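First the structure, in the form of structure tokens, and then the observations on it.
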Amino acid sequence: MNFTLTSAPIDPVALQRDLTHSSAGACVAFEGWVRDHNEGQAVLALDYEAFVPLAESEGSRILDEARAKFQVVAVAGVHRVGALRIGDLAVWVGVASAHRGSAFDACRYIIDEAKARLPIWKKEHYATGASQWINCAVRGDYVASNEPEKPH
Amino acid sequence: MNFTLTSAPIDPVALQRDLTHSSAGACVAFEGWVRDHNEGQAVLALDYEAFVPLAESEGSRILDEARAKFQVVAVAGVHRVGALRIGDLAVWVGVASAHRGSAFDACRYIIDEAKARLPIWKKEHYATGASQWINCAVRGDYVASNEPEKPH
Amino acid sequence: MPKLSIQYFAILREQRGVAQETLTTAQTTPEQLYEELRSRHHFTLPADRVRAAVNGEFVAPDAVLPEGAEVVFIPPVAGG
Amino acid sequence: MPKLSIQYFAILREQRGVAQETLTTAQTTPEQLYEELRSRHHFTLPADRVRAAVNGEFVAPDAVLPEGAEVVFIPPVAGG
């Protein structure tokens with residue numbers, strides 16, 4: 001299965017159903033939810049923006065890597081884009097395998113690589129009224145913009 | 001939340017909904033499904049039997065251990081008992097946390113400990129017509145019963 | 001001699017032929033009691049592969065069985 | 001001089017003020033092109049924190065830009 005991006009709400013039940021196989025004894029699913037804080041700041045909402053074709057091809061490459069590295073029956077991943085609120089499901093990864101060890105390992109591999117490699121950007125909107133693109137601050141931004149600086 | 005045993009089908013959607021919290025950014029869920037083979041033999045069906053009060057108290061103790069060891073927001077676990085067929089959901093464990101590392105670690109801890117410690121027994125029914133209680137075979141069983149011997 | 005209630009599960013229940021019984025025994029520990037029952041009912045599992053619970057909690061094989069104890073012998077669990 | 005199409009995302013889109021443009025440039029690599037655009041539009045991110053994709057695939061900073069290339073500069077991703 002491929003890694004996809006969607007602007008519609010993610011349906012984890014349907015996604016997980018697609019992983020079922022009579023030879024699979026274990027399924028591990030990861031969900032990334034929009035949480036109400038980050039590095040000590042109260043977060044009200046998020047925007048996710050993506051370079052969709054490259055995010056999908058790179059995401060599918062990560063799924064292929066997981067299939068090659070771990071003994072799995074099925075893998076899948078979806079990332080949402082657009083304006084999200086606290087509690088919304090932002091990213092879902094699911095793995096089915098015969099035994100649970102490889103399901104845990106593959107699921108973690110996929111989400112770790114996806115977070116590091118997919119061209120997806122997150123803008124946080126804070127309770128203070130400020131907002132920022134995560135990981136895109138540079139030295140001096142705080143003075144320049146009066147937005148909170150983010151350590152690296 | 002407590003670890004529970006049930007003879008009714010497990011509802012993972014409702015269980016996972018109970019883990020939601022605005023401070024949780026990650027949720028990892030494990031599902032154990034009845035698979036169609038074990039150690040090279042075709043499996044048709046399973047019976048799970050449990051000493052319910054001790055399984056629930058020991059399972060809840062495991063959840064407490066996970067809460068103490070890992071930074072988590074919520075944990076839960078359910079194990080089904082009775083006659084199950086291929087593809088049925090036999091056990092579910094879910095963990096929500098601020099960050100995904102502790103959600104993966106806690107989920108794996110809980111299912112590993114649950115499998116090792118809960119007084120729950122599994123009888124496999126094979127395509128050959130034989131059946132056996134898993135991990136309860138002893139030397140000489142094969143000759144005595146004509147059932148397949150299970151290595152330890 | 002203490003009167004005890006015993007519950008059997010899984011392979012022990014099948015080999016005993018009942019899920020529950022009460023009995024009076026001269027044995028004072030779970031390990032001794034299991035050996036008595038094992039020789040009487042031809043249980044295949046040796047004592048070192050069976051744990052004991054008394055009144056809903058795991059106990060050591062040489063714990064003292066109190067009067068009226070509810071004893072459960074725990075065969076090897078499903079694991080996996 | 002090659003004519004290129006450029007897409008901007010996230011902080012670069014906001015700082016550029018448009019999501020897409022076409023231009024003709026004397027620069028022959030993504031790194032050179034980014035430096036030209038950075039000085040023109042006052043992008044805050046230095047070149048070493050921006051990756052490039054050409055025609056939908058990641059490329060090295062010193063890859064040669066082909067005529068008609070669709071170039072995307074990739075700011076640091078959300079990670080986390």
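Throughout, a chain's letter reflects where its sequence line sits, starting with A, and its residues are numbered from 1. Because the structure is a prediction, the values reported are computed rather than measured.
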So which of A:Gln16, A:Arg100, A:Lys115 has the largest heavy-atom pair count under 4.5 angstrom toward chain B?
-> A:Arg100

Can you tell which part of B:Leu89 gets under 4.5 Å to a heavy atom of chain A, answering side chain, backbone, both or neither?
-> neither

Does any non-hydrogen side-chain atom of B:Phe30 lie less than 4.5 Å from one of A:Cys27?
-> no

For residues 101-109 of chain B, which side-chain donor-acceptor pairs fall under 3.5 Å, sequence neighbours excluded?
residue	atom	partner	partner atom	Å
B:Ser102	OG	B:Gln71	O	2.8
B:Ser102	OG	B:Ser97	OG	3.4
B:Ser102	OG	B:His99	O	3.3
B:Asp105	OD1	A:Arg108	NH1	3.1
B:Arg108	NH1	A:Asp105	OD1	3.1
B:Tyr109	OH	B:Glu65	OE1	2.6

Where is the tightest heavy-atom contact between B:Ala96 and A:Trp33, given as atom of each residue plus distance?
-> CB-CZ3, 4.0 Å

Most heavy-atom pairs under 4.5 Å with chain A, out of B:Gly32, B:Ala98, B:Gly87, belong to B:Ala98

Tell me, do A:Arg35 and B:His21 make a side-chain contact under 4.5 Å, heavy atoms counted?
-> no

Among the listed options A:Asp36, A:Asp112, A:Val95, the residue most often paired with chain B at heavy-atom distances under 4.5 Å | A:Asp36

Do you know which of B:Ile86, B:Val91, B:Thr20 has the most heavy-atom pairs with chain A at a distance under 4.5 angstrom?
-> B:Thr20

So which residues of residues 44-55 of chain A are in contact with chain B at a heavy-atom cut-off of under 4.5 Å?
-> none

In terms of heavy-atom proximity below 4.5 Å to chain A, should B:Val28 be classed as side chain, backbone, both, or neither?
-> both

